[in-house]
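Working notes, beginning with the structure itself.
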Number of protein chains: 2
Amino acid sequence: MRHVLLYGLVGGLLIAGLKLVEYRWLMVEHSVEIYGALVAAVFAAFGIWLGLRMTRRTQTVIVREVAVAAPVDFVRDQGRVEALGITPRELEILELIASGMSNREIAQRECVSENTVKTHSSRLFGKLAARRRTEAVQKARQFRLIP
Amino acid sequence: MRHVLLYGLVGGLLIAGLKLVEYRWLMVEHSVEIYGALVAAVFAAFGIWLGLRMTRRTQTVIVREVAVAAPVDFVRDQGRVEALGITPRELEILELIASGMSNREIAQRECVSENTVKTHSSRLFGKLAARRRTEAVQKARQFRLIP
DNA sequence: GGTGAAATCATCCTTTTGCATGACGCCTTC
DNA sequence: GAAGGCGTCATGCAAAAGGATGATTTCACC
């Protein structure tokens, strides 16, 4: 880390500086205790500063999930789809049923016979354990198969 | 702060300890530089530790609002209800239909005859301009009459 | 005390839906 | 090439749903 190198450098300079101070400038007889205390104080301050510096940017980002009134973009529970063994075609029919169309209308829209639609919806009901289309729609919505 | 007092105390003890070490135990002629480096290292470490300790709780809590599937508390569009002239009873029947029940089941649940349920739903379909219960449910949901 | 909305029930009839069952063609997979 | 999933279509029957119409009761409101 850059700080450590910087720390070492500054430390060395400080020591040298203190030595100079003792030998060249003050020329006073300081006791070793005072000398040590000086060094200690300087380095302690520097350490605290370094510690603060190192931890200053330690911002703990707490992602709090807040219930925001969001137009929940629908995502299909694909796992459930596969778990129930619902085929893509059945899913289409399911959506059309949920939109309120009759079997006949669905048949015309999808260009298949009404019997085919009946077959699909029957299988769908079986897989959803529903006995009516309204129940199928309700359960499908619960299972997040349709919006 | 408690930490500062503790720091001073430990600092004094350390200095005293180092003095003892120098005078009583090792009795070796250490250069002032080494002695200073020792003290510096100890106090620097202590300072860093103290700095870390002091700033540990300085967590900047950033609350990031995340759009989460908010079960938007449903509020019925009472205006629409009145505009369509839908009666409370019809609204009840509508909810039961939307929950996937058959006319017979609704009749039993509400302790009325199946014919009554049929009448209610028929009127409901008329007011909602729906020809099937699934369509009625879809439109009612669009109109925010039901969740 | 009459009026009207709301809820209840009925009857007849049609349409829709649901269930069971079988079959065929097209793919992919083994 | 056999097996199985998927989509397609059919037939027959039973149940459910829906439409039209009329009737009765209750209750609030004028």
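A, B, ... follow the sequence lines: proteins, then strands. Residue 1 opens every chain.
Nucleotide D:dT8 holds its C1' atom 11 Å from the CD1 atom of A:Ile93, rounded to whole Å. Between B:Glu110 atom CD and C:dA6 atom C1' the separation is 15 Å, expressed in whole Å. Protein atom CG of A:Leu94 is 13 Å distant from nucleotide atom P of D:dG7, rounded to whole Å. Distance, A:Ile106 CD1 to D:dC9 P: 14 Å, rounded to whole Å. In this structure, the CG atom of B:Leu91 is 15 Å from the C1' atom of C:dA7, given to the nearest Å. Put simply, CD on A:Glu90 is 13 Å from C1' on D:dT8, counting in whole angstrom units.
For the atom pair CG (A:Leu128) and CD (A:Glu135), the distance works out to 9.0 Å, reported to the nearest 0.5 Å. Taking CD of B:Glu82 as the start and OG1 of B:Thr87 as the end, the distance is 12.5 Å to the nearest 0.5 Å. A distance of 11.0 Å separates OG1 in A:Thr134 from NZ in A:Lys139, rounded to the nearest 0.5 Å. One finds the CD1 atom of B:Ile97 at 13.5 Å from the CD atom of A:Gln138 (value rounded to the nearest 0.5 Å). Between the NZ atom in B:Lys127 and the CD atom in B:Glu90 there is a gap of 3.5 Å [rounded to 0.5 Å].
Residue order along DNA chain D, read from the 5' end via each residue's closest nucleotide, puts A:Lys127 first among A:Cys111 and A:Lys127.
For the pair B:Thr87 and C:dA7, the criterion of a side-chain N or O lying under 4.0 Å from OP1 or OP2 is met. Contact annotation: B:Ser113 side-chain N/O to C:dA10 OP1/OP2 distance is under 4.0 Å. Listed pair A:Asn115 / D:dC9 fails the phosphate criterion, with no side-chain N or O lying under 4.0 Å from OP1 or OP2. Distances shorter than 4.0 Å separate some side-chain N or O of A:His120 from OP1 or OP2 on D:dT8.
In the hydrophobic clustering of ILVMFWY residues, with side-chain heavy atoms under 4.5 Å counting as a link, A:Leu124 and A:Leu145 come out together.
No donor-acceptor contact under 3.5 angstrom links the side chains of B:Thr119 and B:Thr116, judged on distance only.
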Report summary line: Nucleotide by nucleotide, nucleotides 17-30 of chain C touches protein heavy atoms under 4.0 Å in the pattern (B base, S sugar-phosphate only, - none) BBB-----------
